[in-house]
Enquirer: 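Structure below; questions to follow.
This one's a predicted model, so the numbers in the text were calculated from it and none came from an experiment.
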Amino acid sequence: MSWQIPTQVEQDIIAGKAKYQTFQTGNGGQSILQVPPNSYAVIFGYDFSPAGGGYSSIVTVSAGGQNLLDESNLRFFETQQISFYTGTDFFPFIHHVNSSVSVAPRDFSNPIPPSDATILSYAVYYAIDSTTIARQVYITSTNDVTITHGLIQTATPATTGAIPVTSRTPGFLTYGGSAQLIQAQTNYGPGATPLQFMQPSPKDFQDFGLGLLPGNPDNQAFATPDATNGLLEANVHLASIAADFPRNAATNYYLCLHYALYSKTIPEQRG
């Protein structure tokens with residue numbers, strides 16, 4: 001995916017009514033885009049380089065053996081969240097990040113060439129793909145914009161159930177009446193007070209016969225900060241792997257916002 005300058009915003013920049021700006025952040029998980037008084041910003045895109053690049057995990061596997069992704073190190077990097085809070089609105093974006101695996105022979109029964117030796121073990125290399133991700137957005141704010149980045153490892157299923165046929169979940173077109181046990185509640189956050197992502201919808205939840213609506217319900221999937229069950233700051237995890245990892249630029253995330261700054265009061269009609 002790529003981003004483009006919205007037509008009206010581009011015309012305003014050309015006419016001198018707005019100024020194109022960028023805001024580059026990274027490293028720490030909490031940043032704030034400052035919006036001057038009597039102005040407003042229109043964020044229309046961002047370029048995101050995920051955390052975890054420049055780091056690889058090497059595991060030796062015996063011939064015929066199997067090995068899974070090193071969950072304690074790399075798994076956290078595979079799902080990353082960026083969110084924007086304007087003081088009135090909250091916009092979360094979750095990204096899956098690819099990992100790569102390569103395998104090479106490592107030990108032989110006869111290492112001295114020429115050799116028809118049997119391979120005894122392989123070196124398995126795991127790495128995170130930190131290729132830049134471009135995303136189109138449209139976020140307007142007269143306030144400073146708080147930007148949060150973090151890693152997500154868990155999305156804990158809490159409630160499942162069969163969805164009945166309702167006016168919003170008709171049979172055959174949706175899961176209504178299918179008798180399949182659909183995940184209806186997923187916890188993202190602290191174990192005692194998690195954010196509850198409710199499906200199909202927290203609105204009139206009882207219509208779906210899935211019990212009472214729990215505390216902290218939300219109709220969007222996003223993680224809230226918690227080092228175990230929610231959003232984990234990337235440098236906290238990098239430091240847990242090796243103390244010097246946070247100082248390596250290649251392992252850190254970077255985020256570049258593209259926005260237009262208008263030096264006037266925000267109009268009532270936007271976009």
Enquirer: Taking the side chain as every heavy atom from C-beta outward, state whether P200 and I163 have any pair of such atoms under 4.5 Å apart.
Expert: yes
Enquirer: Donor-acceptor pair, distance only, cut-off 3.5 Å: does the side chain of T169 make one with the backbone of P164?
Expert: yes
Enquirer: I'd like to check V42 versus Y259 (side-chain heavy atoms, cut-off strictly below 4.5 Å). Are they in contact?
Expert: no
Enquirer: Do you know which two heavy atoms are closest between Q4 and F44, and how far apart they sit?
Expert: O-CD1, 4.0 Å
Enquirer: Apply the side-chain contact (heavy atoms from CB on, under 4.5 Å) test between T224 and each candidate in D218, L195, L231, N216; give the one that qualifies.
Expert: L195
Enquirer: Is there a side-chain hydrogen bond (donor to acceptor under 3.5 Å, both in side chains) between S49 and S130 once you walk through the steps?
Expert: CA-CA 6 Å; S49 297; S130 58; over 6 Å; no
Enquirer: Find the distance between OG1 (T186) and CD (Q196) and round it off to the nearest 0.5 Å.
Expert: 9.0 Å
Enquirer: Indicate, with yes or no, if the rings of Y262 and Y40 have centres closer together than 6.0 Å.
Expert: yes
Enquirer: For the side chain of S39 and the backbone of V35, is there at least one donor-acceptor N/O pair under 3.5 Å apart?
Expert: no
Enquirer: Counting C-beta onward and ignoring hydrogens, is there a side-chain heavy-atom pair between P50 and I133 closer than 4.5 Å?
Expert: yes
Enquirer: I'd like to know if the side chain of Y253 and the backbone of G28 have a donor-acceptor N/O pair within less than 3.5 Å.
Expert: yes
Enquirer: Is the shortest side-chain heavy-atom distance between T146 and F84 below 4.5 Å?
Expert: no
Enquirer: Is there a path from F23 to F93 through hydrophobic residues (I, L, V, M, F, W, Y) whose side chains come within less than 4.5 Å of each other?
Expert: yes
Enquirer: When you measure from the side chain of N235 to the backbone of N27, do you find a donor-acceptor pair of N or O atoms at a distance under 3.5 Å?
Expert: yes
Enquirer: Is there a side-chain contact between L255 and Q24 (heavy atoms, below 4.5 Å)?
Expert: no
Enquirer: Quick one: which of L151, I152, V97 gives a side-chain contact (heavy atoms from CB on, under 4.5 Å) with T79?
Expert: I152
Enquirer: If you compare all heavy atoms of N248 against all heavy atoms of T251, which two are closest, and at what distance to 0.1 Å?
Expert: O-OG1, 2.9 Å
Enquirer: Looking at OG1 of T228 and CD of Q153, how far apart are the two atoms once the value is rounded to the nearest 0.5 Å?
Expert: 9.5 Å
Enquirer: For residues I147 and L257, determine if any side-chain heavy atom of one lies less than 4.5 Å from a side-chain heavy atom of the other.
Expert: yes
Enquirer: Does the ring centre of W3 sit less than 6.0 Å away from the ring centre of Y46?
Expert: no
Enquirer: Examine Y188 and I82 and state if one hydrophobic cluster contains both, with Ile, Leu, Val, Met, Phe, Trp and Tyr joined whenever side-chain heavy atoms are less than 4.5 Å apart.
Expert: no
Enquirer: Kindly give the heavy-atom pair with the smallest separation between H149 and A234, and that separation in Å.
Expert: CE1-CB, 3.9 Å
Enquirer: For side chain to side chain contact (heavy atoms under 4.5 Å, CB included), just list the numbers for S2 and Q136, CA-CA rounded to whole Å, side-chain angles, deciding distance to a tenth of an Å, and then say yes or no.
Expert: CA-CA 6 Å; S2 60; Q136 181 87 45; over 6 Å; no
Enquirer: Between T25 and S31, do the side chains contain a donor N or O and an acceptor N or O under 3.5 Å apart?
Expert: yes
Enquirer: Just by modelled atom types, is the A223 backbone N or O under 3.5 Å from a matching donor or acceptor in the Q81 side chain?
Expert: yes
Enquirer: Under 4.5 Å between any side-chain heavy atoms of F76 and L232, yes or no?
Expert: yes
Enquirer: Rounded to the nearest 0.5 Å, how far does CG of N219 lie from CD of Q199?
Expert: 10.0 Å
Enquirer: Looking only at atom types and distance, does a side-chain atom of D144 sit under 3.5 Å from a main-chain N or O of I32, one as donor and one as acceptor?
Expert: no
Enquirer: Applying side-chain hydrogen bond (donor to acceptor under 3.5 Å, both in side chains), run through T131 and D129 and close with a yes or a no.
Expert: CA-CA 6 Å; T131 301; D129 181 1; 2.5 Å; yes
Enquirer: Rounded to the nearest 0.5 Å, what separates atom CD1 in I182 from atom OG1 in T160?
Expert: 9.0 Å
Enquirer: So, taking the atom named CG in L261 and the one named CD in Q34, what distance separates them when rounded to the nearest 0.5 Å?
Expert: 11.5 Å
Enquirer: If you define the side chain from C-beta out and look only at heavy atoms, does anything of H237 sit under 4.5 Å from F77?
Expert: yes
Enquirer: In chain order, what residues pass the ring-ring contact (aromatic ring centres under 6.0 Å, His included) check against Y254, with sequence neighbours excluded?
Expert: none
Enquirer: Under the side-chain hydrogen bond (donor to acceptor under 3.5 Å, both in side chains) rule, what do H96 and E78 come out as? Steps first, then yes or no, please.
Expert: CA-CA 6 Å; H96 273 317; E78 291 188 318; over 6 Å; no
Enquirer: Using the ring centroid of each side chain, check whether F48 and H95 are separated by less than 6.0 Å.
Expert: yes
Enquirer: Of Y85, F90, F91, which is the lone residue that meets ring-ring contact (aromatic ring centres under 6.0 Å, His included) with F222?
Expert: F90
Enquirer: Counting only N and O atoms by type, is there a donor-acceptor contact under 3.5 Å from the side chain of T154 to the main-chain atoms of T156?
Expert: no
Enquirer: For A221 and I94, work out which heavy atoms get closest and say how close.
Expert: O-CD1, 3.5 Å
Enquirer: Measure up the H258 and Y20 rings against each other and bin them: parallel (under 30°), tilted (30 to 60°), perpendicular (over 60°).
Expert: parallel
Enquirer: Kindly compute the distance separating CD (Q185) from CG (L213), expressed to the nearest 0.5 Å.
Expert: 8.5 Å
Enquirer: Please name the pair of heavy atoms, one in G161 and one in L210, separated by the smallest distance, quoted to 0.1 Å.
Expert: CA-CD2, 3.6 Å
Enquirer: Would a hydrophobic clustering, with Ile, Leu, Val, Met, Phe, Trp and Tyr connected at side-chain separations under 4.5 Å, put F208 with V165?
Expert: no
Enquirer: If you take all heavy atoms of N229 and P190, which pair is closest and at what distance?
Expert: ND2-C, 4.5 Å
Enquirer: Tell me, yes or no, whether the heavy-atom count around R168 atom CZ, taken from other residues, nucleotides or ligands under 6.0 Å, exceeds 12.
Expert: yes
Enquirer: Tell me which pairs pass salt bridge (Lys or Arg N to Asp or Glu O under 4.0 Å) where either residue lies in residues 12-27, with sequence neighbours left out.
Expert: none
